[in-house]
Number of protein chains: 2
Amino acid sequence: MRSDDLPLVRQLDLFSEMAEKNFEDLMQAAYLQRFPPQVQLITEGDPADFLYIMVEGCVELFASANGRETTMAVVRPVSTFILAAAIKDAPFLMSGRTTEKSRVLMIPSENIRHVFAEDAAFARAIVRELASCYRSVVKALKNEKLRTAVERLANYLLRKHAEQGGSGQLLLPVEKRTLAALLGMTPENLSRAFATLDPYGVEVKGREIHLHQVADLRVLAKPSPLIDDPAS
Amino acid sequence: MRSDDLPLVRQLDLFSEMAEKNFEDLMQAAYLQRFPPQVQLITEGDPADFLYIMVEGCVELFASANGRETTMAVVRPVSTFILAAAIKDAPFLMSGRTTEKSRVLMIPSENIRHVFAEDAAFARAIVRELASCYRSVVKALKNEKLRTAVERLANYLLRKHAEQGGSGQLLLPVEKRTLAALLGMTPENLSRAFATLDPYGVEVKGREIHLHQVADLRVLAKPSPLIDDPAS
DNA sequence: CGACGATTTGAATAGGATCAATGGGAGTGG
DNA sequence: CCACTCCCATTGATCCTATTCAAATCGTCG
């Protein structure tokens with residue numbers, strides 16, 4: 001793998017405190033793969049042979065049942081995904097596809113489990129990471145069950161706005177159809193939700209969104225730290 | 001605590017493989033509390049000072065936002081809850097209240113974190129437990145986003161039916177109002193969902209449910225192992 | 001420049017929520 | 001043990017949100 005990516009991976013909470021030798025062992029066994037957009041990397045139900053780490057690009061995690069499909073999460077660098085399946089040696093619960101040209105580091109789950117048993121610092125880091133992932137999904141479930149579609153969109157915009165510096169504008173990180181699925185609605189309904197937010201100073205120019213009345217939007221959205229704060 | 005409960009707790013995956021001494025240390029620090037029904041044990045936003053273990057009874061985990069409230073999960077013996085918050089030393093994302101007379105073992109999070117750092121077997125067990133919890137919530141989120149209300153009810157009935165022996169009947173473990181919230185609908189809508197399932201051989205007698213045409217119900221429900229199987 | 005897919009808009013429908021009122025069961029107190 | 005009461009559950013009517021189907025527009029990539 002490219003040498004200037006290694007420090008980035010090493011800096012991940014998951015790897016930052018483990019013994020150098022164990023880190024090298026993991027990287028030795030790892031593959032850095034490049035993918036074009038719209039490539040399906042993992043399929044739900046398949047065995048989790050690798051832990052995946054986003055190095056560059058974007059991956060959409062999605063799930064299907066009956067004839068339906070929905071987006072579960074959007075993963076951007078630098079972070080891992082499907083850690084739980086890799087640890088449990090269980091089948092994926094979600095599928096994953098690139099939405100952009102991407103580079104992904106793949107570490108065989110077996111090596112993860114092996115080093116996990118050897119390296120206490122790594123084991124602790126995995127626990128912290130898993131606990132964080134767990135809490136993220138709980139927040140997603142609360143978001144879905146406790147809010148209307150418009151509220152979910154409003155809070156999403158506020159969250160991205162804050163992430164991107166809070167300058168009064170933001171860029172949607174994915175296509176609107178994907179965003180719609182992530183927020184639990186149809187693309188048509190997302191368009192209408194944006195229209196509903198127009199009186200609250202939300203201006204849409206393609207993927208570029210301007211927030212002219214953040215305070216008003218916040219009144220509508222009623223953000224909660226226990227759903228929207230990335231930390232906590 | 002009562003001596004005949006100890007083996008039960010010890011048999012939990014979480015504790016079964018740790019060193020005897022560490023287990024004793026944890027139990028030494030623990031409190032076994034009895035609670036009447038409808039007592040709120042934890043409140044979302046509060047710091048997670050204890051890990052909770054259901055010994056007897058039933059606890060409903062719920063969450064609120066805006067004026068709304070929803071049930072997130074129902075916890076029965078013998079299992080733990082809010083492990084992630086205890087490990088991360090983070091605020092609860094959910095509140096919890098007893099729905100029956102219950103006995104709950106409370107272990108100070110500090111002790112959990114301490115033994116976690118000492119005992120590798122315990123650390124591994126925590127990882128497995130967290131990974132399982134994570135996957136449970138992912139399944140809950142898929143259930144919520146990919147299915148209609150009637151499908152969620154049908155699959156819930158099939159799941160409980162299997163859990164309770166598959167004899168053609170089952171007993172709802174909670175009040176219908178709570179079940180409605182758990183399945184993401186109103187009590188009124190749950191009544192109507194049951195009525196919708198009548199042609200599929202679902203007979204309702206209070207909390208007692210009879211399934212006369214399991215095969216037909218299964219066709220409607222289209223259960224998926226990646227949502228409904230407790231293992232995997 | 002042309003074609004394809006994404007997005008938006010409109011109209012009709014369906015699913016679920018809310019409001020209101022009634023029946024039913026469990027628990028309490030006499 | 002029985003009667004009362006209260007809350008849960010059900011049913012009906014209506015409203016609202018979101019989905020579906022259809023068509024037009026926009027943008028982007030060859």
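Being a predicted model, the structure only gives us computed values, none of them experimental. Here is how names work: the chains are called A, B, and so on, in the same order as the sequence lines, proteins then strands, and each is numbered from 1.
A donor-acceptor contact shorter than 3.5 Å links the side chain of B/Asp228 to the backbone of B/Ser224. Put simply, the side chain of A/Arg103 never gets that close to the backbone of A/Val55: no donor and acceptor are under 3.5 Å apart. No donor-acceptor pair closer than 3.5 Å links the side chain of B/Lys101 to the backbone N or O of B/Arg34. Using a distance-only test at 3.5 Å, with no hydrogens or angles considered, a donor-acceptor pair links the side chain of B/Gln164 to the main chain of B/Leu171. Between the side chain of B/Arg128 and the backbone N or O of A/Lys88 there is no donor-acceptor pair closer than 3.5 Å. The main-chain N or O of A/Ala181 is found under 3.5 Å from a side-chain atom of A/Thr70 such that the two form a donor-acceptor pair. A distance-only check finds a donor-acceptor pair linking the side chain of A/Lys142 to the backbone of B/Leu93 [under 3.5 Å]. Side-chain N or O atoms of B/Ser109 include one that pairs as donor or acceptor with a backbone N or O of B/Asp49 at under 3.5 Å.
Ring geometry for A/Phe50 versus A/Tyr31: interplanar angle over 60°, hence perpendicular rather than tilted (30 to 60°).
Using a 4.0 Å cutoff on non-hydrogen atoms, the parts of residues 188-198 of chain A near DNA chain C are A/Glu188, A/Ser191, A/Arg192, ordered by number. Within residues 141-157 of chain B, no residue approaches DNA chain D, by heavy-atom distance under 4.0 Å.
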For this session: Could you give me the CA-CA distance, side-chain angles and deciding distance for A/Phe194 and A/Lys176, then say whether side-chain contact (heavy atoms from CB on, under 4.5 Å) is met?
Result: CA-CA 11 Å; A/Phe194 270 122; A/Lys176 291 207 185 100; 4.2 Å; yes

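Considering every non-hydrogen atom in both B/Lys222 and B/Arg147, the closest pair reads O-NH2, 3.7 Å.
In this structure, the side-chain contact (heavy atoms from CB on, under 4.5 Å) partners of B/Thr196, at least two apart in sequence or on a different chain, are B/Val150.
The outermost nucleotides of DNA chain D lying under 4.0 Å from heavy atoms of chain B, listed 5' to 3', are D/dC8 to D/dA13. A nucleotide of DNA chain C counts as in contact with chain A when one of its atoms lies under 4.0 Å from a heavy atom; the first and last such, 5' to 3', are C/dA6 to C/dA11.
At its two ends the helix from C/dC1-D/dG30 to C/dG30-D/dC1 runs along axes set 50° apart, each axis drawn from five pairs and the angle rounded to 10°.
For the residue pair A/Thr71 / A/Glu60, a side-chain donor-acceptor distance below 3.5 Å is found, with atom types taken as modelled.
Just one residue in the list A/Leu6, A/Leu8, A/Ile53 forms a side-chain contact (heavy atoms from CB on, under 4.5 Å) with A/Leu105, and that residue is A/Ile53.
Using a 4.0 Å cut-off between a side-chain N of Lys or Arg and a carboxylate O of Asp or Glu, B/Arg76 and B/Glu163 do not qualify as a salt bridge.
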